[in-house]
Amino acid sequence: MLDHAAPVPIKRSSYIKPHIAIDAVHLTIRLFDDRAVVICRFETSRLDDSTKPLTLFGGKGMALDRIVVDGAPLDASQFDTAQGEIQVEVGANSVVETTTTIHPHENTSLEGLYLSGDMLCTQCEPEGFRHIAWYPDRPDVMSVFTTRIEAPRSWPVLLSNGNLIEEGVLDDHRHFATWHDPFKKPSYLFAMVAGDLDHVQDHFTTKDGRDVDLRIYVEHGNATRTKHAMESLKRSMKWDEDVYGLSYDLDIFMIVAVSHFNMGAMENKGLNIFNSKFILADEETATDGDLDRVEGIVAHEYFHNWTGNRITCRDWFQLTLKEGLTVYRDQEFTADMHSRGVKRTDDVALLRAIQFPEDSGPTSHPIRPEEYSEINNFYTPTVYEKGAEVIRMIATMLGQDGFMKGMALYVERHDGTAATCDDFVAAMADANGVDFSQFKHWYSQAGTPVVTITRHYSADTQTLTLHFHQKLPKTAAKTERKPMVIPITLGLVGGNGAVVPLHHDGDTLDQMTFTLTEAEDSLTLTEVPEDAVPSYLRGFSAPVRLKTDLTDAEEMRLLAGDVDPFGRWDAGQSLMVKALTSMVATPSASVDLTGMINGLAETLSDKRLDGAEKAQILRLPSQSIIEAAVADHPDAVCDPYLIWEKRRLMMSLIGKGLEATAAPMLTAFEKKANRLTAQDRALYGRLLGLAVLSGYAGAEDHALNLSRHKNMTLSENGLAALNQMEGANRETALAEFADRWADNSLVMEKWFMHQSSAPMVSTPEHCDALMEHPAFDANNPNKLRSVLSVFAAMNTPNFHANDGSGYLYLARHIAQIDQRNPQVAARIVLPLTRFSLYSDERKAMMKGALARIKSAGGISTDLSEVISKSMN
Ligand code: BES
Ligand code: ZN
């Protein structure tokens, strides 16, 4: 929202239950070429004996053409709509009807009702419904919706939540459709779509034999690219039945793909609306990674039908109740569909790269925040990804059966209601007879705990004592820092990856979970052979930073054969981070990576690993992870440019070191390019990147050739490899790619991303030129992100240019975007706030760029909240 006054933060502690229930809502939405008229009629009843008026929310200054209470028209002009909130006197049981005229065609915020291409669609979560009608737009007000849409017949498809109960023609070349959703829901789950759309259809039979009509609606011409999404939907429906016993509950489930969307996708009851990039995907237009992401998002939104819709959130502070839980569920789904180890590693890499920096920066907050100015700013990696880790810890501590017992009780107690995080944890605790009161600090305390483990081994008694220590760092959120409950899964690894049994308290186990609850504690294991190497935090059993006394040689042992795929990968990551940190600390010293490279070469030839696992092990830790490690080092300066250079140097050294093993593999991949598995394509891409960077003979030609492949994974493998360096082959590959995909707006987003991320090459001037390209659309969030967010996140040398030009470039665009789309502006700005580890000089430049945005004046509450937190 655009606002000039300083926003008043909303506090979790100020929650007040609604005094009035809305028993049924009848919406009539009349669509015209230049406006929409919304008539919203609802029945109210009192929930307590107060005589308080009913609070209705609307957009600030949104029209209130007419208001009628119990048949009596009130003077609409007497209501002050300027603050977006009006009070209406109602009786014990009343009927309220409001009429509002809105202008979806002029709505560039993509919140509420808006035009995406030629179709009208909605986005109501979290507070978009109030831009459609005056209503108690809060998630704990749940009601049964009946929606009648009237529109010109040039928009033949009219959709809303629930079941279609009536349709017909009207005068003036108009028609209507009426939808009824029998399930009570909050207004944020309302949706409607109107347009000239094509659709594909399939069906699913539930475990109790009900037939569900499945439809995916798309713009004409796109129906052929929906197969993967539809198959993903059916797999999700089956999985939720098999694993959670949860079935779908309406006769029809619809997905609509729209081109202009602020987020990835939205779980509106029975009518999910998706960013088209997460529906329209097949092997020609999308990579293997893209396809897996599509599958995961389709699953995520589908899973919300229970964890989010049937049981929703009492207030927005509880957002992680539905998002953390649903992310956990979609992660487990993907793990079951594909490789559990690879999925876990991907998720941990993402958490460390995105959530850890958030938790140590100016926008740090607990997974259940205490206050906000703009709730849209709290759809964060902390609420989502750390929130999912918190659910995962509960599942680890209770075991699968215990967790499912807790889920069953949660559903039984709260189905049809708006619940809290406390309710969820209580169901888990009660179903299992455990006490989670200390565990709940994870909901209220911000920051990433640092866990330090030190060892004391006695060769005489063959006992190994592990000392654990935990510390929660101070954060900008200033929340309490009491000891957390931290489950640490561990095992012992012998030579050749042999499993060394754990002897503890009379038990013999392959691995165990030690739960740290105090600031310090210890664990003693007996019958431990002298050379056994501990593998800690297996499966990344808690979202913490781990510090250990493991030597390089010991980590090499884990890299060579820890049975835990996460432990194995993480040992490699740790070795790389350590080497990179010393390269940055003493930039002039020569580096000897022989040991590590030998270890990686062995990994590359290890028959027990598939291509995807090898590719992950060969992926260098992300820039932000290295920055955090460097910042911890007593005599290193956290300079993002230098870190980027050293990271790239290490990549080319690894490439050179692996050449003898990798070059023949690349030749073999090239020969059977058409018959590779997705796992091998992943390794192919990784090795080709290393080959081009370290200059293997013929590597550039190989990559250029591959960039022409029909399979998008291979094509992008080729393009991405060339994109790391300036050169004629890079230019050729990019030009050919643009030529090939000029008509496919979604694939052109990839082209924008390659361009804006190209290190060295893509300066702000280049990016400005990209934004003039015919395929660019400044009102489309995907397009904006494909240039600006990618520039800031991946083009380190230009974004972090020492003269601050990258920062000012981003700032200039953010100020403009904010005028049209505050939510998107408040996300694109975030890289400018990640300065806490940098030198004072760099901090000043980044803050200077933020100050510039602010000084322009008239910025949104969304953007202003992020900037003020960062400047404090
Ligand atoms: N409920 C959200 C969509 C949403 C978020 C709407 C913020 C409005 C504001 C949806 O379930 C979601 O979480 N989508 C994610 C993708 C998901 C796979 C994590 C998204 O849109 O990024
Ligand atoms: Zn979600």
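This structure is a prediction, so every number in the text was calculated from the model and none was measured. One-based numbering, in listed order, for ligands and for the atoms of each.
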Residues which pass ring pair (Phe, Tyr, Trp, His ring centres under 6.0 Å) with Phe403, listed by chain and number, not counting sequence neighbours: Tyr328
Considering the options Thr147, Asp181, Asn268, which one meets the side chain to side chain contact (heavy atoms under 4.5 Å, CB included) requirement together with Ser160? Thr147
Checking Glu865 side chain against Ser373 main chain: does a donor-acceptor pair fall under 3.5 Å? yes
Neighbouring protein residues of ligand 1 - any heavy atom closer than 4.0 Å: Gln123, Glu125, Met263, Gly264, Ala265, Met266, Glu267, Ile297, His300, Glu301, His304, Lys322, Glu323, Tyr379, Tyr384
Over 60° means perpendicular and under 30° means parallel, so tell me whether Phe776 and Phe752 are parallel, tilted or perpendicular. perpendicular
Looking at His304, which of its N, O or S atoms is the nearest one to the Zn ion (ligand 2)? NE2
From the options Glu127, Arg130, Glu125, Arg138, select the one residue that forms a side chain to side chain contact (heavy atoms under 4.5 Å, CB included) with Tyr188. Glu125
Partners meeting ring pair (Phe, Tyr, Trp, His ring centres under 6.0 Å) with Tyr372 (sequence neighbours left out): Phe317
Which atom name does Glu323 have for its N/O/S atom nearest to the Zn ion (ligand 2)? OE1
Sequence neighbours excluded, which residues qualify as side chain to side chain contact (heavy atoms under 4.5 Å, CB included) partners of Pro781? Leu110, Asn262, Arg785, Asn821, Val824
